Amino acid sequence: MKVRLKMVSLFFLCFFVTSVQGAEKISFHSSLMYLQNNIHPVGTEKGIVVASPSQQNPDYFFHWVRDSALVMNTLLDVYLSDGHQISETSLLSAMYDYVDRVKFSQYQSGFEHLGEPKYYVSGYPFNGPWGRPQNDGPALRAITLIKFANFLLDKGERWYVLENLYKPVLPALSPIKMDLEFVAQNWQQQGFDYWEEVKGLHFSTAMVQRKALLKGAELALKLDDAYAARYYLEKVKDIEELLKKFWNPQKGYIESTIEQTSGVWKSQLDISVILGVLHGATNDGLYSINDLKVMETARRIEDVFANIFPINQAETGNEAPAIGRYPEDSYDGYSVNGEGNPWFIATFAMAEYYFALEKYASAASVDSKNYRLYCALVSLEKCQVYTNDKPAFIRKIKEGLRAKAEGFLARADFHSDSEGHMSEQMNRYHGFMQGARDLTWSYAAHVSALLQKGSKD
Ligand code: NOJ
Ligand code: NOJ
């Protein structure tokens with residue numbers, strides 16, 4: 001093992017030297033382009049987002065509700081961030097197609113089965129065996145569609161919104177209302193997690209369910225559906241009570257699943273918790289970006305992966321560790337009998353998280369209760385600077401957080417190919433990519449981290 005590690009480091013060093021000299025391989029532009037290539041590719045219906053173009057080993061040529069909602073959400077964010085990277089016409093046409101496909105798929109599944117995670121590229125529900133229901137799907141989809149509805153309302157398109165997105169009537173037949181009603185009625189039900197493997201109640205699912213209902217209540221009010229708004233807000237309160245149970249004070253981190261009833265045993269230390277925060281936090285005090293519990297969980301996740309993946313032990317430059325889903329993972333991108341690897345979406349989640357945390361670090365938010373954790377996160381040795389010169393301390397923390405976030409971007413860049421293509425995973429020993437190629441979510445996660453950074457390079 002020692003020899004092997006040495007070889008790995010040497011190999012990495014050579015590659016790293018060439019990679020620092022050259023320009024970055026992944027860019028906002030390349031990731032956005034590859035992302036768009038996976039929206040309605042040849043052989044699919046309009047509005048379909050394939051998880052990957054790979055049709056065998058593994059076959060990811062399907063429309064996953066979760067992946068698609070996240071991808072379309074990112075596309076909207078790209079447009080909303082300044083509008084230059086994508087024209088309004090192409091954004092609107094992609095969104096209208098997506099809305100139509102959502103309606104079709106919801107209708108095919110029926111209200112009771114909106115937890116279906118996976119659809120054929122025709123829009124019909126997948127009918128093979130799968131981990132279902134996955135109750136994050138309708139919530140993530142509602143979050144994306146609500147953002148779109150608000151955008152249209154600002155443009156004066158109230159009629160389209162009422163007709164096609166949120167009709168304030170029951171039974172709910174319009175896409176947003178249908179998803180919100182489903183979330184409100186089913187949040188207590190067990191389902192499968194983001195990784196489609198274990199059944200129970202999941203932190204990330206509950207986080208996005210809460211956000212969907214909060215944003216849904218705001219939209220309902222705008223559309224004169226006050227009764228529904230009140231109902232959604234009641235459920236928000238209930239979900240908040242559930243969410244509090246995920247913090248495990250003995251372990252010192254937020255657990256990904258509680259009340260697990262099937263699937264493998266796990267430590268429950270899982271990047272899905274950070275994803276849940278990125279996708280679901282509304283930064284109003286409950287598991288906000290700069291909540292100590294969230295920060296502590298991020299620190300523990302980084303530590304565990306820094307130690308278990310050989311590629312993270314190789315001496316390199318400013319790269320942060322490559323991050324996986326959870327330490328006990330055995331899905332290698334092809335089969336579950338393998339060894340888990342780092343994933344691009346997990347590594348980008350850390351980048352996005354630290355860019356976000358940098359924004360929140362301020363003289364008001366860094367205090368005597370949390371400054372040590374900030375020091376630990378950015379490996380600042382002279383932590384007492386805090387008491388001597390607070391402005392200097394905040395500056396150092398912000399610089400440190402940004403550098404850390406950049407390190408995760410550099411890590412992903414290092415493992416991408418020469419044209420910035422990214423698959424699902426990178427091998428834990430040698431670092432080459434594996435699993436589904438051109439994973440759409442990998443690109444969305446990259447773009448989303450860069451939007452958080454505030455740069456489109
Ligand atoms: C494919 C899933 O999408 C992945 O998350 C999972 O680990 C494997 N199947 C095994 O269930
Ligand atoms: C496996 C991942 O675990 C799951 O989250 C994802 O939805 C599917 N692959 C499709 O990308």
Side-chain angles (χ1 to χ4, degrees), residues 34-35 38-39 41 44 48-74 105 115-121 125-126 128-141 144 191-200 202-205 207-208 256-257 260 262-266 270-276 278-280 323-349 422-426 428 433-446 448:
Y34 298 142
L35 177 157
N38 291 350
I39 300 179
T44 67
I48 290 289
V49 181
V50 294
S52 149
S54 174
Q55 298 195 35
Q56 53 180 22
N57 194 34
D59 186 1
Y60 271 39
F61 203 65
F62 292 91
H63 176 106
W64 262 268
V65 176
R66 169 178 40 260
D67 300 42
S68 308
L70 292 169
V71 166
M72 296 312 281
N73 194 56
T74 301
S105 296
E116 173 57 46
K118 185 172 165 182
Y119 289 78
Y120 294 104
V121 295
F126 180 64
W130 209 251
R132 54 171 71 88
Q134 293 179 20
N135 291 330
D136 58 295
L140 286 168
R141 186 164 58 195
T144 299
F192 282 80
D193 64 320
Y194 264 38
W195 312 135
E196 322 192 278
E197 296 174 329
V198 301
K199 201 163 182 186
H202 315 287
F203 178 81
S204 48
T205 304
M207 283 295 282
V208 297
S256 50
T257 299
Q260 186 177 325
S262 81
V264 295
W265 177 88
K266 304 203 279 185
D270 195 314
I271 192 67
S272 67
V273 167
I274 301 302
L275 289 170
L278 294 173
H279 303 157
I323 305 295
R325 299 194 294 181
Y326 55 94
E328 305 80 15
D329 198 358
S330 68
Y331 176 58
D332 61 9
Y334 312 104
S335 115
V336 277
N337 305 318
E339 283 183 289
N341 292 304
W343 282 45
F344 283 97
I345 58 166
T347 307
F348 285 132
M422 289 182 276
S423 306
E424 183 181 70
Q425 315 184 8
M426 41 222 152
R428 59 155 76 194
M433 294 192 286
Q434 68 185 59
R437 71 185 159 93
D438 285 312
L439 190 84
T440 324
W441 189 357
S442 296
Y443 297 126
H446 180 217
S448 169

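Scope of the values below: all heavy atoms of this structure, side chains included, with no hydrogens, waters or symmetry mates. Just so it is clear, the model here is predicted, and its values are computed rather than measured. First listed ligand is number 1; within each ligand, the first listed atom is number 1.
- For a threshold of 3.5 Å applied to N or O pairs, the pair formed by Y194 and ligand 2 contains at least one separation below that value.
- The shortest N/O to N/O separation between W130 and ligand 1 does not fall below 3.5 Å.
- Annotation for ligand 1: atoms under 4.0 Å from non-hydrogen atoms of E196 are 2 (C), 3 (O).
- The cationic group of R66 lies under 6.0 Å from the six-membered ring centre of Y194 and within 45° of the ring axis, placing it in a cation-pi geometry.
- Note on ring orientation: taking the six-membered ring where Trp is involved, the planes of Y120 and F126 are tilted (angle from 30° to 60°).
- Ligand 2 places these atoms under 4.0 Å from at least one heavy atom of A51: 10 (C), 11 (O).
- Between R325 and ligand 2, a contact under 3.5 Å exists for at least one N or O pair.
- A donor-acceptor contact shorter than 3.5 Å is absent between the side chain of H63 and the backbone of V121.
- Among all protein heavy atoms, the one lying closest to atom 11 (O) of ligand 2 is D67 OD2, 2.5 Å.
- A salt bridge links R325 to E197: at least one charged side-chain nitrogen sits closer than 4.0 Å to a carboxylate oxygen.
- Here the protein heavy atom with the shortest distance to atom 6 (C) of ligand 1 is E197 OE2, 3.4 Å.
- Between the H202 side chain and the G191 main chain, a donor and an acceptor come within less than 3.5 Å of each other.
- When hydrogens are left out, the protein atom nearest atom 2 (C) of ligand 2 is W343 CH2, 3.9 Å; that is the closest non-hydrogen contact.
- Considering every non-hydrogen atom in both E116 and P125, the closest pair reads CG-CB, 4.1 Å.
- Under the 3.5 Å distance criterion, the side-chain polar atoms of S335 are matched with a main-chain donor or acceptor of N337.
- No N or O atom of Y331 sits closer than 3.5 Å to an N or O atom of ligand 2.
- We find that E328 and K266 are not joined by a salt bridge, their nearest charged nitrogen and carboxylate oxygen being 4.0 Å or further apart.
- For ligand 2, the atoms closer than 4.0 angstrom to any heavy atom of W441 are 5 (O).
- Of the protein's heavy atoms, V336 CG1, 3.1 Å lies nearest to atom 10 (C) of ligand 1.
- Less than 4.0 angstrom separates some heavy atom of Y60 from each of these atoms of ligand 2: 1 (C), 9 (N), 10 (C), 11 (O).
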